[in-house]
Chemist: 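Below is a structure I'd like to ask you about.
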Amino acid sequence: MKFSDIPGHESVKQRMRQMVESGHLPHAVLLEGPQGIGKLALARAFAQYIHCDNPQPSGDACGECRSCRLHQSMNHVDTHYSYPVVKLDGMNTAPTSEDFYPEWTEFADNSIYSDIATWTGVFTKRNAHPIIYVTESEALLRKLAFTSHVSQYKIVIMWLPERLHETAANKLLKLIEEPFEDTIFILVSDSPAQILPTIYSRVQRLSLKRLPDSIIAENLMRRGGLSQPDAMAIAHNAAGNMIAALNGLSSNKEISTYFDFFVTLMRLAYMRDVKKLREWADDLASLGREQEIDFYSYCSRMIRENFMLNFNVPALTYLSQSEQAFSVKFARFITVKNVEKLIEVFSLAQRDIAGNGNGKIVNFDVAIKTILLLKQ
């Protein structure tokens, strides 16, 4: 993994380069920021750059030396990975990262972007909650007691230190407080507030921000063949999280279904066609509880976007081409008098359906309230 493989985060990459070039690498670095932005991949690129035998003038690893090739195959003997795991049925002792290394290499190499939900899905145990057990800290202590084999530094990349068991965290603290001279810890956290405070205070922190919508949209256009407006709409809703954006890309068919239901609701409500609205309520209920909940979340977004459309500032709205075509004429019906009330109606519908309310009744109630609110 090279810096050039990872979109964005240029200021953090530059700080990493300066650390290596100065020859004064901190013994513990924490990459902190929201999930889905490429932090784990950046940690791997940092480690590869530290170990590279022939760093390039551009400030990146060469990608061709022996160390780089070993990093790319995740087999560098002086690089150790530590991550949350699950104690499966039949295990006599708490597991360590090594017990799941084949699964880990596939997971880490599958995408630049990683999240705990995807990693949890690797385990066959239902309702698994991966953590870093105390056995992991003990295993690290044994590994780090030996001198580095082929490089100047031994590097530990620990993903999600906030999931350290308390005893494991205290053992890691000792390793960070009294580090081996040739050891560097690179910690990668989605939730730094949950890290043991004494560990957090002893690391050099590099804060990563959410990905810009433009970077996410570019990836969506390349991977999904989307138009620029459609890609930007998904990117904006993903709030800087590439994984959420890719999930949005895969659920594009569902969004199309929600759009059709939304348009039908608004048109029938405007015409006050109660009979057809009852049929609409039944059809929506047939989608199932989870999709009904998602639909009303979509409705709230569409109401907000249509309200903003009235300000005639394109940069404030994020609509797909089909949504934009409908909203150009519809937006005038969403005003300061009804925007908050409509969103409240949809939010209450989500709550009621999530609480096992009758979908047909809830949906028809939404339809009647929409009739009244559109006329305000």
Side-chain angles (χ1 to χ4, degrees), residues 1-52 54-63 67-68 71-72 79 81 108 111-116 152-153 155-162 176 184-195 199-223 231-232 234-246 315 318:
M1 188 70 65
K2 298 166 60 177
F3 289 139
S4 57
D5 296 327
I6 305 165
H9 309 306
E10 295 305 322
S11 61
V12 173
K13 291 175 186 176
Q14 186 56 31
R15 285 192 63 186
M16 290 176 169
R17 294 185 187 105
Q18 291 169 353
M19 289 178 183
V20 177
E21 292 164 4
S22 68
H24 297 291
L25 281 161
H27 67 274
V29 176
L30 172 67
L31 306 184
E32 59 181 11
Q35 69 175 8
I37 61 174
K39 297 189 302 297
L40 177 59
L42 193 56
R44 291 180 57 196
F46 187 25
Q48 182 170 329
Y49 186 59
I50 292 170
H51 281 158
C52 179
N54 186 29
Q56 300 299 290
S58 61
D60 210 343
C62 69
S67 289
C68 283
H71 268 282
Q72 288 160 2
T79 303
Y81 292 92
S111 174
I112 293 173
Y113 306 98
S114 53
D115 67 341
I116 189 62
Q152 181 181 356
Y153 295 103
I155 297 176
V156 176
I157 296 177
M158 178 174 285
W159 186 54
L160 305 185
E162 57 266 34
I176 292 177
I184 298 171
F185 282 89
I186 305 175
L187 310 181
V188 181
S189 174
D190 293 343
S191 304
Q194 298 176 19
I195 297 174
I199 290 179
Y200 190 72
S201 65
R202 286 166 172 78
V203 298
Q204 183 160 330
R205 299 182 287 274
L206 299 178
S207 296
L208 282 75
K209 306 301 182 184
R210 54 159 285 175
L211 290 171
D213 290 349
S214 57
I215 287 179
I216 294 179
E218 182 181 347
N219 191 32
L220 294 176
M221 287 187 287
R222 184 175 64 254
R223 296 181 60 160
M232 282 298 291
I234 293 176
H236 174 69
N237 294 328
N241 185 330
M242 186 68 79
I243 297 171
L246 294 174
Y318 296 87

Chemist: Using a 4.5 Å cut-off on heavy atoms from C-beta on, say whether the side chain of Gln48 contacts that of Lys2.
Modeler: yes
Chemist: Drop me the distance from Ser189's OG to Glu32's CD, to the nearest 0.5 angstrom.
Modeler: 7.0 Å
Chemist: Hey, are the side chains of Ile176 and His27 touching, using non-hydrogen atoms and a 4.5 Å cut-off?
Modeler: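 A side-chain contact exists here, since the closest heavy-atom pair is under 4.5 Å.
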Chemist: Quick one: SG on Cys68 to OH on Tyr49, what's the gap to the nearest 0.5 Å?
Modeler: 11.0 Å
Chemist: Drop me the distance from Met158's CE to Leu160's CG, to the nearest 0.5 angstrom.
Modeler: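 It is 10.0 Å, given to the nearest 0.5 Å.
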Chemist: Report the residues that fulfil side-chain hydrogen bond (donor to acceptor under 3.5 Å, both in side chains) with Gln35, sequence neighbours left out, ordered by chain and then residue number.
Modeler: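 None.
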Chemist: Between NE2 of His24 and CD of Gln18, what distance do you get to the nearest 0.5 Å?
Modeler: 13.0 Å
Chemist: Testing the basics here: between Arg205 and Arg15, what is the closest heavy-atom pair and its distance to 0.1 Å?
Modeler: O-NH1, 4.0 Å
Chemist: Evaluate the side-chain proximity of Leu40 to Leu31: yes if any heavy-atom separation is below 4.5 Å, no if none is.
Modeler: no
Chemist: Ignoring hydrogens and angles, tell me if any N or O in the side chain of His9 forms a donor-acceptor pair with the backbone of Ile37 under 3.5 Å.
Modeler: yes
Chemist: Specify the closest pair of heavy atoms between Phe3 and Phe46, including all atoms of both residues, with the distance to one decimal.
Modeler: CE2-N, 3.9 Å
Chemist: Closest approach of Tyr200 and Pro192, non-hydrogen atoms and distance?
Modeler: CE1-CB, 3.7 Å
Chemist: Keeping Lys39 on the side-chain end and Pro34 on the backbone end, is there a donor-acceptor pair under 3.5 Å?
Modeler: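 It does hold such a pair.
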Chemist: Quick check for you: to the nearest 0.5 Å, what is the distance between Ile112 atom CD1 and Ile243 atom CD1?
Modeler: 11.5 Å
Chemist: So, does Glu162 use its side chain to make a donor-acceptor pair with the main chain of Ser191 at under 3.5 Å?
Modeler: yes
Chemist: Are the side chain of Asp60 and the backbone N or O of Ser4 linked by a donor-acceptor pair below 3.5 Å?
Modeler: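 Here the side-chain-to-backbone pair exists.
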Chemist: Which heavy-atom pair separates Ile6 from Ala45 by the least distance, and what is that distance?
Modeler: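 Nearest heavy atoms, Ile6 then Ala45: CD1-CB, 3.9 Å.
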Chemist: Where the side chain of Arg17 meets the backbone of Gly59, is there a donor-acceptor pair that is under 3.5 Å apart?
Modeler: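 Yes; judged by distance alone, with no hydrogens or angles, the pair exists.
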Chemist: Determine yes or no for a side-chain-to-main-chain donor-acceptor pair under 3.5 angstrom, with Asn219 supplying the side chain and Ile216 the backbone.
Modeler: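 No, because the side chain of Asn219 does not come within donor-acceptor range (under 3.5 Å) of the backbone of Ile216.
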Chemist: At their closest point, which heavy atom of Gln204 faces which heavy atom of Met19, and how far apart are they?
Modeler: NE2-CE, 3.2 Å
Chemist: To the nearest 0.5 Å, what is the distance between CG on Leu206 and OG on Ser11?
Modeler: 9.0 Å
Chemist: Are the side chain of Lys13 and the backbone N or O of Gly8 linked by a donor-acceptor pair below 3.5 Å?
Modeler: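 Yes; at least one donor-acceptor contact below 3.5 Å.
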Chemist: Given side chains that start at C-beta, do those of Ile195 and Leu187 come closer than 4.5 Å, heavy atoms only?
Modeler: no
Chemist: Kindly give the heavy-atom pair with the smallest separation between Gly36 and Asn241, and that separation in Å.
Modeler: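 For Gly36 and Asn241, the tightest heavy-atom pair comes out as CA-OD1, 3.3 Å.
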Chemist: Checking the side chain of His51 only, and the main-chain atoms of Tyr153 only, is there a donor and an acceptor separated by less than 3.5 Å?
Modeler: yes
